[in-house]
Amino acid sequence: MKTTKSALQIARASYQPKMPVSLGGSVVMEEGENTQSAANQEEIKSLFPNTYGLPIVTFKPGNEHKNYPPVNVGVILSGGQAPGGHNVIAGIFDGIKALNPTSRLFGFILGPSGLIEHNYMELTAEIIDEYRNTGGFDIIGSGRTKLESKDQFDKGLIILKALDIKALIIIGGDDSNTNACILAEYYAAIKAGVQVLGCPKTIDGDLKNTMIEASFGFDTACKVYSEVIGNIQRDCNSARKYWHFIKLMGRSASHIALECALQVQPNYCIISEEVEAKNMSLDDLVTDIAKAVAQRAEQGNNFGTVLIPEGVIEFIPAMKKLMTELNDFLASHKEEFELIRQSEKRNYIIKMLSKENSAIYASLPESVARQLTLDRDPHGNVQVSLIETEKLLAEMVDVKLSQWKKEGKYVGKFATQTHFFGYEGRCAAPSNYDADYCYSLGYTAAGLVGFGKTGYMSSVRNTTASASEWIAGGVPITMMMNMEKRHGEMKPVIQKALVDLNGAPFRTFAAKRAAWAVHTSYVYPGPIQYFGPTEVCDQPTKTLMLEQGK
Ligand code: FBP
């Protein structure tokens, strides 16, 4: 069924993503040195005997046309939506057609479960054209099923064989790419004849390292959030009566909050990684925000903005210890916990936890305590997006200020509005950066298929330069791995990138935040622009620019 399209969607459909010159015509591949995992080399090597230590590969423009046999490729969108996913698929499609025009692309429906349940559709040129440069993952849908057991891998192989699929591309975050690598290793070990490749996706921005400079979707999502935070700042600077507590998605890492802070210059922004490094308690954090409020009140400014990263609770060391014990406990007592009556769950946890953690748990407001025990995602993570930290902090700051008022330490008015921005940004029409970057990631993945690679992630680098100068190639996924505790067991996983407190983005923020706290230095970035001057339309994130010394 054809849907009604907006004027922007119609105009945007014909946008031709910019690409590196190396992908434009015939491509040659250069292999670098053999690689090592990020840590725990011996363990990772023994777990991935077929895919460990492979070289980084880089694509260069070639001058001879090579004939590739036709290839059938499967694609899966895994995990949370991120702007640009459709362009990754369009890039894969165009890339495999460039290898051989009779190549075919199959999409597995609703994430990894589509592979296991043999739920798929062929993605034809007509379908792909409907989705070029659009946001969302709705072309085939996404899901969070964890692809991890031999049984699932074997079931997947049945449909891959039936469709004569020689390569499977998994578009996902750190956990999904870890699983892509486990699958690549398994198929290589049993000589299944199926390559498995990954593409770095997540608005959270935490799948990055020396070879993956950004995960796609981060750029667009941050720009959408910055637009609305800017609008709120202008509203609050107009009415001058509210403090806005704004929680931003991003799971554990504070990359989104930091990028938005750099873009909008709020009065206060929490960086979870700093909270942890300074060993701050919840009360320290509340006191710090209350001080900023009191300071502005002294100048008659009873308004402001506070940005809160989604995962901050986990970074308060005492809370982190509590959550680690809770994660392990709930992983091993899942059934027992489900049988406990709703009204008794809190007391049950208080009784079962260690003394120290039990006391902290008991001190939490009822709603937060309950949220900490809610269902984990399939990777065992607490669903931090369900914890209403914006309300918790607004309430606690209010209590603190009332206390200071009684003590004569604060004179002012404190009224709050709370917001959570997350889902609003995940399916936005990709910015030019994401539209271009995603298309190149997909096209590069197709190149890796052509060169017979498995266990690699598509990598496009140097993206603060003009697209023609971007560097495309592949990075062995094992190179990004280390051993970490998951569900109470040590597992090989891709190392998550948290905000680096010595990095330029944080240092830039830290140098300016004292002034932003007192003065009203708001910046109003406005909406993403798709057409117009390059300095308005094609700018990467401030985070990426600063990381690259620009
Ligand atoms: P991914 O890591 O899968 O890309 O998910 C990103 C994210 O948007 C997080 O920022 C957020 O915590 C989570 O997904 C929310 O998950 P869900 O969509 O299942 O509610």
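What you see is a predicted model; the values in this text were computed from it and never measured. Order of appearance sets the numbers: ligands from 1, and atoms from 1 within every ligand.
- Here Thr202 has heavy atoms under 4.0 Å from ligand 1 in both its backbone and its side chain.
- Of all heavy-atom pairs between Ala497 and Ala253, the closest is O-CB, 3.9 Å.
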Please determine whether side-chain hydrogen bond (donor to acceptor under 3.5 Å, both in side chains) holds for the pair Gln495 and Asn482, giving the CA-CA distance in whole Å, both sets of side-chain angles, and the decisive distance to 0.1 Å. CA-CA 6 Å; Gln495 224 171 26; Asn482 69 165; 3.1 Å; yes
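- The aromatic rings of Phe420 and Tyr423 lie perpendicular to each other, with more than 60° between the two planes, well past the 30° mark.
- Residue contact check: Asp204 has heavy atoms under 4.0 Å from atoms 2 (O), 6 (C), 7 (C), 9 (C), 10 (O) of ligand 1.
- Near Gly250, meaning under 4.0 Å from one of its heavy atoms, ligand 1 places the atoms 10 (O).
- Contact atoms of ligand 1 toward Lys201: 1 (P), 3 (O), 4 (O) (distance under 4.0 Å to a heavy atom of the residue).
- Ligand 1 has no nitrogen or oxygen under 3.5 angstrom from a nitrogen or oxygen of Ser78.
- For the pair Trp516 and Asn267, the tightest heavy-atom approach, listed with the atom from each and the gap, is O-ND2, 3.0 Å.
- Asp154 pairs by the salt bridge (charged side-chain N to carboxylate O under 4.0 Å, His left out) definition with Lys150, not counting sequence neighbours.
- Using the six-membered ring where Trp is involved, Tyr524 and Tyr522 have ring planes that are perpendicular, over 60° apart on the 30 and 60° scheme.
- Short contacts between ligand 1 and Gly80, defined as distances under 4.0 Å to a heavy atom of the residue, involve ligand atoms 1 (P), 3 (O), 4 (O), 5 (O).
- In the vicinity of Gly79, heavy-atom distances shorter than 4.0 Å reach the ligand 1 atoms 3 (O).
- Only the side chain of Arg144 comes within 4.0 Å of ligand 1, counting heavy atoms alone; its backbone N, CA, C and O stay farther away.
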